[in-house]
Number of protein chains: 2
Amino acid sequence: MTIRVLLADDHPVVRNGLKGVIEREPDFEVVAEANDGAEAVVLGMRPEVDLAVLDVAMPRMTGLQAVEELARRRPGLRTLVLSMYDADQYVLAAIRAGASGYVLKSVADTDIVGACRAVMRGDSFVFPESTPQALRDQGELVRRGRGSKSDETLTARELEVLKLVAEGRTSREIAETLVISIKTVDRHRANIKEKLGARDRVDLTRYAIRRGLVEP
Amino acid sequence: MTIRVLLADDHPVVRNGLKGVIEREPDFEVVAEANDGAEAVVLGMRPEVDLAVLDVAMPRMTGLQAVEELARRRPGLRTLVLSMYDADQYVLAAIRAGASGYVLKSVADTDIVGACRAVMRGDSFVFPESTPQALRDQGELVRRGRGSKSDETLTARELEVLKLVAEGRTSREIAETLVISIKTVDRHRANIKEKLGARDRVDLTRYAIRRGLVEP
DNA sequence: GCCCGTATGGGTAGTACCACCCATCTTCGG
DNA sequence: CCGAAGATGGGTGGTACTACCCATACGGGC
């Protein structure tokens, strides 16, 4: 029984590395590759895909959005999220989005395969283990129904504002760009900060970069 | 005559992808792999290395710093910088640091090999070609001696302040951390902004992330 | 000796940001 | 139809940041 994998990463060389690692295993096979999140959703709907391995930061649609979409439209599919960063909040966000597992890109090749296997066994996998158990418990709780609605979901308008903030625009400039009042921009930014638990524009900037909304 | 390559990237899976791409060519051979910039400098000093391929963002020492160091200590070595971002200023910074070439991670595998070959032929290679010719000319000029000293060089103290700014600390917090007055923190930040041509803390944050001083 | 860069610190003013309060209007789902 | 959520906008006050001015001290190099 071979496990058929979808790889999604916007860097061909990374996809290639993953492909090499995964196809070295006799019972794994890469059956599809996506360049961005939107493509991943389309390809992930194919019935022959058993497991989707997605990078977080991708153009058009982030890996987390793709996971959310796939979890909704094809609940049986297992999803493993790859990320560069290991802060708790990213892990939590991924689990909340419905990911089956979360692995850092900085781990060894064999650990990535191990994560794939764990996820296919049905475990909710997080690596490295250094991540607090409490967090994983919370993730489990959330993932088992209850609150799958994360309060981190930004509206389309908020994403527009966040993008401009992270590009270094002032409230005045953003207001001119979006043709709304400065107060409304401030209001949006305040709402975003509250949703994300951010302190100031610097926090928002780092968040936007992690999400791939803007380049650093 | 085989070309012996040093790969430097902090993500094993990326190194693996590069290795696969490069060793598919009969006249290329990967003879060393580094996990960070500091390691890359050590391994790059080995005489059997002909070409060093380095990622920009790495722990301990960035790819650009490693290139600078290697260019100084082993001028004959060819260096190719890999980056996620294609803004002109990053390209220019890489060339200024002494890199022989600059390639985006988002290009196709074959183009990376092509870049390696171009660099080994002695070309100063920049990809994609969309980069303005004027920029490459300027890069050439700078690389041929003249002004290798950029006014972007921050002092040790300024780097400390920049790091804290990019972590989202306020002036007051930074002042307490470094045990100096708020005014001095402001003074440092103003100097940094002027050196980097940044407008505000958001710009500084993005810069610090590009340099790998902080995680996003 | 003198200048230059670096680090330190002060003053003053204007602007941006942030944290609260408040409201209206639309849209969408139960 | 009504309520919730989203987008819009206003007010007020406090804090942080930014842009200027200024000075002192220390070290190294010409």
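Per chain, numbering begins at 1; letters A, B, ... match sequence-line order. Everything numeric here is computed off the predicted structure, so don't read it as measured data.
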**Q** Rounded to whole Å, how long is the line connecting atom CZ of Arg189(A) with atom P of dA16(C)?
**A**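 Between P of dA16(C) and CZ of Arg189(A): 11 Å.
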**Q** Just how far, in rounded Å, is P of dG9(C) from CG of Asn191(B)?
**A**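 That distance rounds to 14 Å.
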**Q** Could you tell me how far apart Arg201(A) (CZ) and dT18(D) (C1') are, to the nearest whole angstrom?
**A**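 So the CZ-C1' distance, Arg201(A) to dT18(D), works out to 11 Å.
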**Q** Nearest to the side chain of Asp186(B) - dA7(D), dC18(C), dT18(D)?
**A**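 The closest nucleotide is dT18(D).
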**Q** Where the side chain of Arg157(A) is defined as all heavy atoms beyond and including C-beta, which of dT18(D), dC17(C), dT8(D) is the nearest nucleotide?
**A**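 Looking only at heavy atoms from C-beta outward on Arg157(A), the closest nucleotide is dT8(D).
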**Q** Inspect the contact between Arg172(A) and Glu176(A) and indicate whether a charged nitrogen and a carboxylate oxygen are less than 4.0 angstrom apart.
**A**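 Salt bridge: no.
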**Q** Once side chain to side chain contact (heavy atoms under 4.5 Å, CB included) is applied, do any residues pair with Thr155(B), and if so which ones, sequence neighbours excluded?
**A** Arg157(B), Glu158(B), Lys195(B)
**Q** Who are the side chain to side chain donor-acceptor pair (under 3.5 Å) partners of Asp36(A), not counting sequence neighbours?
**A** Arg60(A)
**Q** How is Thr155(A) classified with respect to the nucleic acid when contacts are heavy atoms under 4.0 Å: base, sugar-phosphate, or nothing?
**A**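 Sugar-phosphate only.
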**Q** Applying side chain to side chain donor-acceptor pair (under 3.5 Å), name anything that partners Asp203(B), two or more places apart in sequence or on another chain.
**A**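 Counting only residues at least two positions away or on another chain, Asp203(B) forms a side chain to side chain donor-acceptor pair (under 3.5 Å) with Arg206(B).
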**Q** Taking CD1 from Ile174(B) and P from dA16(D), how many angstroms apart are they, rounded to a whole number?
**A**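 The answer, rounded to whole Å, is 12 Å.
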**Q** Who pairs with Ser83(B) by side chain to side chain donor-acceptor pair (under 3.5 Å), at least two apart in sequence or on another chain?
**A** Tyr102(B)
**Q** Quickly work out the Glu194(A) CD to dA5(D) P distance and round it to whole Å.
**A**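 Rounded to the whole Å, the gap is 13 Å.
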**Q** What residues, two or more places apart in sequence or in another chain, satisfy salt bridge (charged side-chain N to carboxylate O under 4.0 Å, His left out) together with Glu39(B)?
**A** none
**Q** Which residues pass the salt bridge (charged side-chain N to carboxylate O under 4.0 Å, His left out) test with Glu29(A), sequence neighbours left out?
**A**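 So Glu29(A) forms no salt bridge (charged side-chain N to carboxylate O under 4.0 Å, His left out) with any residue.
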**Q** Using a cut-off of strictly less than 4.0 Å between a heavy atom of the residue and any atom of DNA chain D, enumerate the qualifying residues of residues 166-173 of chain B by number.
**A**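 Close to the strand are Thr170(B), Ser171(B), Arg172(B).
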**Q** Keeping the roles fixed (side chain from Arg4(B), backbone from Glu48(B)), state whether a donor-acceptor pair exists under 3.5 Å.
**A** yes
**Q** List the protein contact pattern of nucleotides 21-30 of chain C with one symbol per nucleotide (5' to 3'): B for base contact, S for sugar-phosphate-only contact, - for none; contact means a heavy-atom distance under 4.0 Å.
**A** BB--------
**Q** The criterion is side chain to side chain contact (heavy atoms under 4.5 Å, CB included); which residues satisfy it with Arg72(A), sequence neighbours excluded?
**A**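 Once residues adjacent in sequence are excluded, the partners of Arg72(A) under the side chain to side chain contact (heavy atoms under 4.5 Å, CB included) criterion are Glu69(A).
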**Q** Any base atoms under 4.0 Å from Asp200(B), or only sugar-phosphate, or nothing? Heavy atoms, all strands.
**A** sugar-phosphate
**Q** Just by distance, no angles: are the side chains of Arg169(B) and Thr177(B) close enough, under 3.5 Å, to form a donor-acceptor pair?
**A** no
**Q** Across the strands shown, which category fits Ser181(B) at heavy-atom distances under 4.0 angstrom: base, sugar-phosphate, nothing?
**A**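 Sugar-phosphate contact only - Ser181(B) comes under 4.0 Å of backbone atoms but never of a base.
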**Q** To the nearest Å, how far apart are Lys183(B) NZ and dC21(D) C1'?
**A**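 For the pair Lys183(B) NZ and dC21(D) C1', the rounded distance is 10 Å.
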**Q** How sharply is the helix from dG1(C)-dC30(D) to dG30(C)-dC1(D) bent, taking the axes over five pairs at either end and rounding to 10 degrees?
**A** 40°
**Q** Using side chain to side chain donor-acceptor pair (under 3.5 Å) as the criterion, list what pairs up with Arg46(A), not counting sequence neighbours.
**A** none
**Q** Just the rounded figure in Å: distance from P of dT8(C) to CD1 of Ile182(B).
**A**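 From Ile182(B) CD1 to dT8(C) P: 14 Å.
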**Q** Nearest of dA19(D), dT8(D), dT8(C) to any side-chain atom of Lys193(B)?
**A** dA19(D)
**Q** OP1, OP2 of dG9(D) versus side-chain N and O of Thr184(A): anything below 4.0 Å?
**A** yes
**Q** Looking at residues at least two apart in the chain, or sitting in another chain, which of them share a side chain to side chain contact (heavy atoms under 4.5 Å, CB included) with Gln65(A)?
**A**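 Gln65(A) satisfies side chain to side chain contact (heavy atoms under 4.5 Å, CB included) with Met61(A), Thr62(A), Arg211(A) only.
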**Q** I need the CD-P distance between Glu176(B) and dG9(C), as an integer number of Å.
**A** 13 Å
